Every structure is written in C-alpha cells, then in structure tokens.
Chemist: 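One structure, pasted below without further comment.
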Amino acid sequence: MADPMRIRAQVAGDKATVRVLMSHEMETGLRKDAAGKAIPAWYIQEVSAKLNGKSVLTAEWGASVSKNPFLQFSVRGAKLGDKVAVTWKDNKGDTRTDEATVS
Amino acid sequence: MQRKHTLFALAALAAVATTGLVTGCASRPTPADLDAQALAMIKASFRDQGIAKVDRLNQDLGQAACSADKPPSDDVALRVEAEALASIRWPAGGQYIGDWREGEKLAQNGRGMTWTDSSAAPSANGAQCYNCHQIGKQEISFGTIGPSLYNYGKMRGVKDVADPDSAPIVQYTWGKLWNSKAYAACSNMPRFGHARLLDEQQLRHLMALLLDPKSPVNQ
Amino acid sequence: MLNRRKMLSHSAQVATLLAGVGLLPRGAQAAYNAPAFEIKTMAELAKSLGGGTPTESKDVALTGPDIAENGAVVPIGVSTTLPGVKKLLLLVEKNPSVLSAMFDVTDAVDANFSTRVKMGQSSNVYAVALMADGKVLFAQKEVKVTLGGCGG
Amino acid sequence: MKPFSWIVTALALAVSVGAPAQQKSAADGIAEYRRMLEDGNPAELFEAKGEDLWKTARGPKKATLQRCDLGLGPGVVKGAWVQMPRWFADTQRVQDLESRLLTCMETLQGFDAAEIAKTGFDKGEQATLAALAAWISAESRGQKLALPQAHAEEKRFFELGKRAFFFRGGPMDFSCASCHGEAGKRIRLQDLPDLTKNPGDGIGFAAWPAYRVSSGEMWSMQRRLNDCYRQQRFPYPGFASDVTIALGVYMGVNAQGAKSIAPALKR
C-alpha cells in the first residue's frame with residue numbers, strides 16, 4: 001500500500017497554487033538489477049485532481065517522470081477551506097487519493 | 001592466522017579507545033595517546049567488503065606522513081619523494097605515447113577500486129582525471145582539486161613527442177602519472193602506476209591525451 | 001532569435017513527434033493513451049507523418065534549467081496565456097520515449113503546469129500546446145545534463 | 001521566462017569564450033537548477049513517514065519511540081538534532097542520531113540493534129532509521145548547530161574524529177581531507193565544502209540528512225559517510241561505528257553556529 005502524498009494548496013488571489021509530492025518508484029522498465037535482469041516498469045500513468053469533489057484536472061504521464069514525482073498547478077476560484085483531492089493510478093492498477101485543505 | 005591475531009589485538013585496543021573514560025583515564029589524553037587511540041578506532045571500525053579489504057588501512061610511509069592537518073617535516077617529505085622517484089617504472093622500449101582518444105575515455109571514467117566494483121584489475125578502472133582537472137575544452141563538468149591540464153603539452157612547447165627537446169617533460173609526465181608523490185610528498189593525486197590502478201598501455205593513452213599535439217587538449 | 005531554417009526544422013521535428021503520438025486533429029482519447037508513450041526514437045516517429053505544422057510560438061512558455069546537475073530530476077514547466085488551449089505536453093527529444101507528460105486544460109485550472117522528468121542525456125525539450133482550433137504551438141530549449149559526482 | 005534568450009546566451013558562452021566564462025555559465029546553470037528544485041523536496045515524504053514511525057507502537061515490545069531520549073530528555077525532539085553527536089550517560093557512549101535511535105529501538109521496542117546495524121541501507125529497519133532521521137532533523141530546521149563539548153569523551157571524540165578526517169589510506173591515498181580540506185574546490189561540478197571549519201549555513205554537516213536526487217533515496221549522515229568511504233576506496237565502515245561517530249563530532253563542532261537546513265536536497 002503506497003505512502004501518502006504531500007499536498008500543499010495555498011490561496012493566491014482568486015486561485016490556489018497546488019504543490020503535490022507523490023511517493024512512487026517511477027521505474028522505467030529499462031534498468032537492470034544487480035543480477036543483470038530487467039527491473040519491470042512501474043510508474044504512475046494517470047493523475048487527476050478535484051476541487052470540492054468537482055474534477056479540475058486530468059493528466060497522463062510516462063515512465064520518464066522522476067521518482068517521487070512533483071506536480072504544481074493552479075486551481076481557479078479556490079477559496080480558503082476548500083478541499084483539493086489528488087488521485088494517481090499506476091500501470092499495476094495501484095491507486096491512491098489524498099486530500100488537502102486550501103490554506 | 002597471523003592477521004587474526006593482530007585483529008584481536010586491535011579489537012582489544014579499540015575497546016580501550018572507546019571506553020577510555022570508564023577505564024579511568026579522565027585526565028586529558030596526550031596527543032600521542034590520541035594518535036594510538038585513533039588508529040585503533042579506525043582499524044576496529046572497518047570490515048572487508050568485496051575487493052575492499054581492511055589491509056587498505058595499512059599505511060605506507062607517505063600515507064602516514066600525510067595524515068595530519070600539517071605537512072610532514074622536510075626530511076620526511078624528502079624521504080617520501082626519494083622512495084617514490086625510485087619506484088617509478090619507465091615504459092617498456094621507451095614507448096611513452098598511446099592513443100589520445102583512448103586517453104579521453106579513461107580520463108572521463110571515474111570508476112574502479114570501490115567495494116561495489118567486482119575487479120581490481122587495471123582494465124576495470126578509469127583514470128578519474130576529470131574529477132579533479134580541466135582537460136579537454138568541450139567537457140564543462142570538471143573538477144578543480146588539481147590544476148587545469150588544458151593545453152598541457154602546447155603550453156610546454158611540445159610540438160613533437162619524439163623530439164629530444166620534449167624528453168624532459170615527457171618523462172616528468174610519465175613519472176607524475178606513475179607516482180605523483182615523487183614530485184610532491186603529499187600530492188592529492190593517486191599513484192596510478194605504483195598502486196597498479198592503471199597499466200602501462202593505459203598510461204600511454206593518458207600521455208597521448210596530454211602531450212600529443214593532435215590531442216584536442218592541445219588544440 | 002532562431003533563424004527561419006532552424007524554425008522549420010524544429011517544426012518538422014515536432015510535427016513528426018505529434019503525428020507519431022497520434023495527437024494531431026484526430027481528437028483526444030479518453031483512456032490512457034499508451035501508444036503515445038511508446039514512441040521510441042525520432043526515426044520511428046518520422047514514419048507516421050500527418051497533421052498541421054507545429055509553429056514555434058512566444059505565447060507558449062517552457063521553463064527549465066540550462067544545465068541539469070542530475071538527469072534523474074529535471075524541473076520542467078509548460079504554460080500558455082492563449083485562450084482555447086486543450087492540452088499541454090512535455091516532450092524530451094532524446095529520451096527512449098519522447099513524451100513525458102500530457103495535461104488536459106480545463107477552465108478550472110491555469111494552463112500552467114510544472115513537474116520533473118528524467119533525462120538520459122543532454123537534449124532538446126519541447127513544450128507543446130494543442131489548441132481547440134487544431135493549431136499546434138510549441139516552445140523548445142536545450143537542457144544540458146552533466147556527469148556529476150565521481151562518475152562512479 | 002524566455003526560453004530562446006536562454007539558449008542564445010548559452011550558445012554564445014559555449015562557442016565564444018574560454019574556460020573562465022564557461023565555468024561561470026556552468027556554475028550559474030547549476031545554481032539556477034538548484035533554485036528550481038527548492039520548492040517541493042521529496043524529503044517531505046520521508047519526514048511524514050518518520051513522524052508516523054516515531055509515534056507508532058512497533059517491535060517485539062509493541063512500543064512507540066515517544067520516550068526515546070535524544071539528549072534533551074525523554075521524548076524531546078525539537079532541537080535535539082543540532083546537538084548531536086553527544087555523550088549519553090546511560091550507554092556510556094558518544095552517539096550520533098542513528099546510533100542513538102538504535103539504542104532506543106532496542107531498549108524501548110525490543111529490536112536487535114546489532115541486526116539492524118548489519119542490515120543494508122534502505123532495507124527493513126534501516127529504511128525506518130532513514131525516515132526517522134529525516135523527521136527528527138526537520139524538527140531542528142533553521143536552528144544553529146550547537147554540539148556540546150563539555151564532557152571529556154565529547155572532547156576526545158573530536159580529537160579522534162580530526163585524526164580520522166586526515167587519515168590517508170587505500171589504493172588512491174585518499175583521506176576525507178583530500179576533497180574537504182580546502183575551500184572553493186569541486187569534483188566535476190559539485191562544490192566541496194571545507195569541513196575543517198564552518199562552511200556556512202546549510203552546507204556540509206548542516207545539510208544532512210538529505211534526499212539524493214541521483215538515487216531518489218533518503219540519506220542519513222551515516223549513509224553519507226558510508227558513501228564517502230566507498231568513493232575514498234576504503235574498506236566498509238560499520239554502521240554507527242566509532243569512526244563515523246567521531247567524524248560526526250569533528251564536522252559538527254567545526255560547523256558550530258551554522259544553521260541546519262536538514263533534510264536538504266542533494267544531487
């Protein structure tokens with residue numbers, strides 16, 4: 001079971017800047033282990049965000065996004081106390097959702 | 001056998017070193033005490049791993065002489081340099097120069113001799129040069145622990161490595177690569193020939209990189 | 001500024017990229033667009049041409065370092081102030097798979113995203129904006145990846 | 001940001017000039033790269049994990065670490081990191097953060113400290129140690145290093161650490177001082193702090209633990225020292241062995257007064 005994300009959502013004028021750190025290996029499938037056998041690909045493919053339950057962002061990633069990924073975006077019309085939820089889904093079907101309050 | 005015994009002795013020493021207070025030497029230890037305790041602590045703190053064995057901690061004269069925050073006395077330094085100079089093996093058949101392209105590859109390669117390397121053979125080692133020196137102008141990722149070697153041969157007026165006029169600098173460069181301590185007792189530079197980090201052929205390639213007028217280093 | 005020939009060559013590259021990725025006018029896919037992320041080389045991409053010619057545009061911004069101290073983590077940002085942008089893409093020309101990330105732009109977010117990508121070697125990086133009217137605009141910059149540490 | 005102007009500048013520098021300017025542009029480029037990474041250090045992920053591990057009942061004794069004494073009294077975490085390594089009366093030893101955590105995990109939670117010390121980095125309870133170190137150091141973020149030197153053993157370990165720092169050995173004749181004994185030097189493009197004095201806020205000892213982007217791992221000071229010795233071509237230093245702790249005392253006391261930014265982000 002994957003570790004929680006770190007989500008910071010800070011109001012700046014009429015929008016909130018959201019910074020997300022995800023705990024994930026983002027293994028490309030191109031690397032070999034010490035024994036020389038290929039390490040299977042394991043990476044986040046889909047990322048989405050909701051503001052108070054309403055979808056605001058969907059993104060698709062490849063294996064070339066860095067390990068323990070960072071994502072920054074800005075949600076329009078977000079106010080103090082609003083809830084920002086971020087969800088990722090990887091190529092093994094594992095998924096995780098975490099929520100933060102806009103501050 | 002032999003080594004086992006010394007190890008036990010060292011372990012005992014180390015125990016003293018780490019529990020010095022308990023065993024009652026609450027009065028300030030002398031610098032000499034501390035030297036002995038430090039040595040025992042170091043020997044007791046490391047273990048063999050892969051090709052990196054604890055015998056790597058056994059210092060020779062030069063290593064011991066250059067293990068303080070102050071340089072060694074002049075006479076010790078001179079002894080270290082004399083021993084180092086005497087240790088230099090000059091290349092078979094006076095053949096000093098190889099292929100600068102191979103030299104560049106070696107200079108770029110920073111691998112070798114760690115406990116994660118499988119072989120200690122020269123063929124498994126890089127020459128580490130760019131870690132500490134600027135060499136070719138095209139490589140911007142270079143270290144500054146050593147001086148820049150850009151235009152090394154050109155600046156020393158080497159137009160033809162075979163020219164007798166070039167002999168002194170050619171020989172000095174070989175000697176510096178073989179055993180840097182021959183010219184500076186506490187040089188930070190590894191002794192590539194003396195410590196068997198690189199073989200003669202590899203050293204020839206580095207010589208070419210530095211001295212061959214056709215090498216990009218001298219353009 | 002880049003001269004015209006350079007412009008065109010960049011346009012061509014991006015055109016082949018996008019054609020291969022299957023993102024030109026054929027419309028957006030709902031599910032994860034696996035083929036888009038399987039493009040291996042520029043040559044592979046060149047096989048499948050098509051779609052409008054991408055044009056370099058000052059209205060698309062790509063942020064990233066000139067030099068990356070480590071290719072494992074290269075901070076890249078893509079943004080545009082133009083109305084009517086549908087998708088923003090991040091491409092690394094010399095990666096085994098050129099497409100790194102693809103963001104759907106909605107009215108609820110700014111067309112401005114930052115993330116971090118792996119780069120195997122120094123390469124051009126492209127920020128591409130797919131517009132509602134089918135136009136394809138891009139910005140590009142070279143990011144140098146240096147060999148760090150002791151190379152060991 | 002105007003990508004093209006960047007490129008033009010870069011090209012201009014690359015083609016026209018000699019070493020000095022090129023070095024400058026490279027150094028500036030690296031500085032710019034580091035600035036871009038400042039926001040969003042993945043070490044945060046490990047801090048969160050570490051805080052959780054500190055407060056979770058674990059081990060054979062099903063206990064938390066909340067009564068662990070890091071030098072400022074049982075359970076006091078804030079400010080503890082910037083005063084370690086230090087003398088601990090209960091163990092009669094000078095201990096750094098990791099060796100002290102081993103003591104607590106053994107006495108409070110019933111783990112086998114020797115077993116954990118033998119475990120490879122990032123595996124099993126070693127991963128726990130790395131996360132704990134990330135959180136504990138973060139609890140002293142912005143504070144100045146203030147290692148105690150009152151106790152005779154703390155003074156003695158400083159002296160032992162100094163000697164270890166200058167100890168030359170191995171097939172390449174390296175000591176810690178080979179790379180860290182002088183200011184303003186680099187390996188490749190990496191600046192090398194002079195660890196024989198205070199190298200400044202958030203530099204050297206005041207920057208570890210750190211998240212290593214090259215491996216995507218959280219590195220404690222123990223792991224940092226272990227890799228220094230690997231690159232020094234030395235044999236393998238035991239985890240929490242006296243030489244690593246003595247070096248911690250030497251570097252930490254030299255950096256006295258430097259602000260800690262741990263856990264930092266490193267190449």
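Just so it is clear, the model here is predicted, and its values are computed rather than measured. Every heavy atom of this structure was used, including side-chain atoms; hydrogens, water molecules and symmetry mates were not. Reminder, nothing fancy here: chain letters follow the sequence lines and each chain counts from 1.
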Chemist: Please set out all donor-acceptor pairs under 3.5 angstrom arising from side-chain atoms of residues 74-85 of chain C, sequence neighbours excluded.
Modeler:
unit_1 : atom_1 : unit_2 : atom_2 : d
C/T80  : OG1    : C/D59  : O      : 2.8
C/T80  : OG1    : C/L82  : N      : 3.1

Chemist: Just give me the residue among C/T115, C/V117, C/D107, C/V109 that pairs up with chain A most often, heavy atom to heavy atom, under 4.5 Å.
Modeler: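 Option with the top pair count is C/V109.
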Chemist: With only heavy atoms counted, which part of A/K67 is less than 4.5 Å from chain C, the side chain, the backbone, both or neither?
Modeler: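 A/K67 touches chain C through backbone heavy atoms alone.
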Chemist: According to ring-ring contact (aromatic ring centres under 6.0 Å, His included), does anything in residues 68-103 of chain A pair up with another residue at least two apart or in another chain? List the pairs.
Modeler: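 Sorted result for residues 68-103 of chain A: A/H24-A/W88.
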Chemist: For each of A/A49, A/S66, A/G77, A/S55, tally heavy-atom pairs with chain C at distances under 4.5 Å, and name the one with the top tally.
Modeler: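 Looking at each option in turn, the highest pair count goes to A/S66.
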Chemist: If you compare all heavy atoms of A/S64 against all heavy atoms of C/N95, which two are closest, and at what distance to 0.1 Å?
Modeler: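 The pair with the smallest heavy-atom distance is CB-ND2, 3.7 Å.
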Chemist: Between C/K118 and A/V65, which heavy-atom pair has the shortest distance, and what is it?
Modeler: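 Nearest pair, atom of C/K118 first, then A/V65: CE-O, 3.1 Å.
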Chemist: Please find the pair of heavy atoms, one from C/P96 and one from A/L30, that lie closest to each other, and give the distance.
Modeler: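 Taking every non-hydrogen atom into account, CG-CD1, 3.6 Å.
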Chemist: Measure the spacing between CZ of C/F103 and CG of A/L57 and express it to the nearest 0.5 Å.
Modeler: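 Reported to 0.5 Å precision, the distance equals 7.5 Å.
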Chemist: Measuring from C/R116:CZ to A/L21:CG, what's the distance to the nearest 0.5 Å?
Modeler: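 Between C/R116 CZ and A/L21 CG, I get 6.5 Å after rounding to 0.5 Å.
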Chemist: Looking at every non-hydrogen atom in both residues, tell me the closest pair between C/D110 and A/R76 and how far apart they are.
Modeler: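 In this case the closest contact between C/D110 and A/R76 is OD1-NE, 2.8 Å.
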Chemist: When rounded to the nearest 0.5 angstrom, what distance separates CG in C/N112 from NZ in A/K15?
Modeler: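 Answer for the CG-NZ pair, C/N112 versus A/K15, is 8.0 Å.
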Chemist: Ignoring hydrogens, what is the shortest heavy-atom contact between C/Y32 and A/W61? Give both atom names and the distance.
Modeler: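 C/Y32 and A/W61 have their closest heavy atoms at OH-O, 2.7 Å.
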Chemist: Could you tell me which non-hydrogen atom of A/V56 sits nearest to which non-hydrogen atom of C/A108, and how far apart they are?
Modeler: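 Answer, listing the atom of A/V56 first, then C/A108: CG1-CB, 3.5 Å.
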Chemist: Give, as side chain, backbone, both or neither, the part of A/A63 having an atom under 4.5 angstrom from any heavy atom of chain C.
Modeler: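 The backbone, not the side chain.
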Chemist: Out of A/T58, A/L51, A/T28, A/V75, return the one with the most heavy atom pairs under 4.5 angstrom to chain C.
Modeler: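 Most heavy-atom pairs within the cutoff with chain C belong to A/T58.
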Chemist: Within a strict 4.5 Å, meaning less than it, do heavy atoms of the C/F37 and A/E60 side chains meet?
Modeler: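 Yes. Closest side-chain heavy atoms under 4.5 Å.
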